[in-house]
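Note sheet for the following structure.
Atom set for the values below is all heavy atoms of this structure, side chains included, hydrogens, waters and symmetry mates excluded. Residue numbers start from 1 in every chain, and the chains themselves are labelled A, B, ... in the order their sequence lines are given, proteins ahead of strands. Just so it is clear, the structure is predicted and the values come from calculations on it, not from any experiment.
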2 protein chains.
Amino acid sequence: MDVARSELFETGTPVACASCQARHGVVCGALSNGQLRELNRHSLRRKVEAGCEIIAQGSESSFYSNIMRGVVKLCKMMQDGRQQIVGLQFAPDFVGRPFVRESTLSAEAATDAEICVFPRNLIDRMISETPELQRRLHDQALKELDAAREWMLTLGRRTAGEKVASLLYLIATHAEPQTATSTAFDLPLSRAEIADFLGMTIETVSRQMTRLRKSGVIRIENFRHIIVPDMDELERMISA
Amino acid sequence: MDVARSELFETGTPVACASCQARHGVVCGALSNGQLRELNRHSLRRKVEAGCEIIAQGSESSFYSNIMRGVVKLCKMMQDGRQQIVGLQFAPDFVGRPFVRESTLSAEAATDAEICVFPRNLIDRMISETPELQRRLHDQALKELDAAREWMLTLGRRTAGEKVASLLYLIATHAEPQTATSTAFDLPLSRAEIADFLGMTIETVSRQMTRLRKSGVIRIENFRHIIVPDMDELERMISA
DNA sequence: CGGTGTATTGATTTCTTTCAACTAAAGTGG
DNA sequence: CCACTTTAGTTGAAAGAAATCAATACACCG
């Protein structure tokens with residue numbers, strides 16, 4: 001069937017969605033073609049630069065997003081400026097907090113990214129009408145909860161060295177290009193952001209990176225590019 | 001209508017549930033009388049002593065629970081024995097991890113407690129049949145996620161003194177008996193457990209408690225009983 | 001080619017942990 | 001009922017890890 005025609009007659013999958021990598025993600029994968037078409041009519045694809053704030057802490061946000069490309073960090077900030085990154089989200093994760101309008105955290109693009117923005121009202125309606133969507137969002141929330149608790153263990157009980165190794169491991173296992181054992185990736189975070197994620201200072205992060213480099217566990221090219229010759233070796237540095 | 005008769009004819013609310021404080025909680029509040037009766041037939045009320053493990057880390061659990069009374073701690077343990085408490089749950093919270101059988105954490109009664117145990121299969125079926133139940137559990141998961149992230153900020157960025165104040169504040173706001181401004185409560189956690197929650201040692205916890213006591217923010221009776229003359233004062237120690 | 005932002009490295013200080021002694025309450029058994 | 005042991009908590013002194021302060025190196029950019 002002709003795609004343009006199917007679009008015209010409003011049957012089948014919208015063109016924009018057909019080749020979308022989030023088509024079968026948490027949100028869109030739960031929707032019927034009809035819902036997908038409706039959502040598509042009201043959604044907006046947007047490019048955001050690294051550092052751009054998607055949701056501000058304390059603000060009322062009237063939209064949700066799907067991450068299409070790039071990495072988004074979730075941050076909590078104290079009045080005196082101390083900051084803690086409380087989550088990292090990768091494509092094609094869903095970003096937003098159902099049931100509560102005011103955000104208790106900020107969402108900011110860590111890298112250049114692309115997001116697909118949905119009106120809050122529409123998604124809220126679809127959630128209430130579509131048990132499968134509710135189920136998938138519930139499942140994602142529980143996975144984020146697992147991740148948050150895993151990170152609590154890291155923050156509370158691991159040493160600086162173990163913390164850095166944990167973060168590198170986390171990013172390595174979420175980044176694409178990896179061969180059998182060796183893995184290479186670009187850090188989506190600056191040293192300052194790493195420090196904010198691990199609850200330490202940039203100096204300590206730097207020292208621990210140097211330690212890992214000198215002990216041969218990682219190689220660093222150009223500050224941001226990391227090569228892990230042996231992932232098992234890195235894993236051993238975490239002492240799970 | 002006669003209660004015994006309604007039970008006999010299997011209409012209306014089960015007797016055991018009628019006066020249950022969790023009747024309108026996350027799980028039971030979402031169920032029809034029919035579902036409530038079915039759940040009631042297969043559920044079991046159980047007393048658990050402080051220290052008793054309800055779910056073991058790494059095990060497959062075939063049940064969920066409602067906390068009826070007492071406090072339950074969620075812990076993650078490393079092989080070398082380091083431990084981190086990643087959540088506290090109070091009556092009438094729901095305990096369990098839908099969608100995944102193997103538990104990545106242990107649940108242990110922090111105080112003497114009473115729980116209502118539900119078969120996992122039955123609840124899973126009810127979740128899939130009852131959008132309202134799914135919604136409520138989704139909502140609870142998101143609230144736990146908010147709490148976990150709030151705690152990540154505490155673990156990563158607050159000082160020892162702020163950490164202890166944060167915990168006392170958390171417990172105070174979840175414990176019942178409070179007057180206008182002043183609040184008194186029994187700590188559901190030992191010093192060792194507080195340390196495991198805050199990612200520090202019992203000695204440091206003790207020192208910080210002493211500091212709060214000497215500065216007049218709290219009074220301590222019999223180690224476990226805490227009196228907070230002025231909650232605003234305690235809140236100021238957290239430097240949100 | 002200086003200038004700016006980011007990262008590394010070094011010296012010193014601070015905070016928390018570790019090690020150790022001590023106290024108080026609770027349980028045990030003669 | 002009273003020694004005695006056990007457990008939980010507090011306090012002190014010393015050691016250690018990470019933060020802070022300060023200087024320097026490195027890339028990127030106009």
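- B:R236 and B:D232 are not joined by a salt bridge, as no carboxylate oxygen comes within less than 4.0 angstrom of a charged side-chain nitrogen.
- At whole-Å resolution of the value, CZ in B:R211 and P in D:dT10 are 15 Å apart.
- Taking the charged nitrogens against the carboxylate oxygens, A:D196 and A:K73 have no contact shorter than 4.0 Å, which rules out a salt bridge.
- Going from atom CZ of B:R224 over to atom P of C:dA26 covers 12 Å, rounded to whole Å.
- Atom pair B:E221:CD and D:dG9:C1' shows a separation of 17 Å (rounding to whole Å applied).
- In this structure, B:E162 contributes its side chain and B:T159 its backbone to a donor-acceptor pair below 3.5 Å.
- Proximity of a side-chain donor or acceptor of A:E108 to a complementary backbone N or O of A:V72 within less than 3.5 Å is not detected.
- When atom types are taken as modelled, the side chain of B:K76 and the backbone of B:T104 share a donor-acceptor pair closer than 3.5 angstrom.
- Here the P atom of nucleotide D:dG9 and the CD1 atom of B:I194 are 8 Å apart, to the nearest Å.
- Rounded to 10 degrees, the angle separating the terminal helix axes of the helix from C:dC1-D:dG30 to C:dG30-D:dC1, each built from five base pairs, is 30°.
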Between the protein and nucleotides 18-21 of chain D, list the N/O to N/O atom pairs that are separated by less than 3.5 angstrom.
residue: D:dA18; atom: OP1; partner: A:A160; partner atom: N; Å: 2.9
residue: D:dA19; atom: OP2; partner: A:T201; partner atom: N; Å: 3.4
residue: D:dA19; atom: OP2; partner: A:T201; partner atom: OG1; Å: 3.1
residue: D:dA19; atom: OP2; partner: A:T204; partner atom: OG1; Å: 2.3
residue: D:dT20; atom: O4; partner: A:R207; partner atom: NH2; Å: 2.8
residue: D:dC21; atom: N4; partner: A:E203; partner atom: OE2; Å: 3.1

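- Protein atom CG of B:D196 is 12 Å distant from nucleotide atom P of D:dG9, rounded to whole Å.
- In the set D:dC28, C:dT8, D:dT11, the nucleotide with an atom closest to the side chain of A:N222 is D:dC28.
- We find that CG of B:L189 is positioned 15 Å from C1' of D:dG9, with the value rounded to whole Å.
- For B:Y64 and B:F94, the ring centers sit closer than 6.0 Å to each other.
- A donor and an acceptor atom, one from each side chain of B:S239 and A:R82, are located under 3.5 Å apart.
- Here B:F99 and A:H138 bring their ring centres to under 6.0 angstrom of each other.
- Note: CG (B:L155) to P (C:dT16) measures 14 Å, nearest angstrom.
- Atoms CG (B:L198) and P (C:dC15) sit 18 Å apart, rounded to a whole Å.
- Distance alone, capped at 3.5 Å, is enough to place a donor-acceptor pair between the B:S103 side chain and the B:L105 backbone.
- A sub-4.0 Å separation between OP1 or OP2 of D:dT11 and a side-chain N or O of B:R213 is present.
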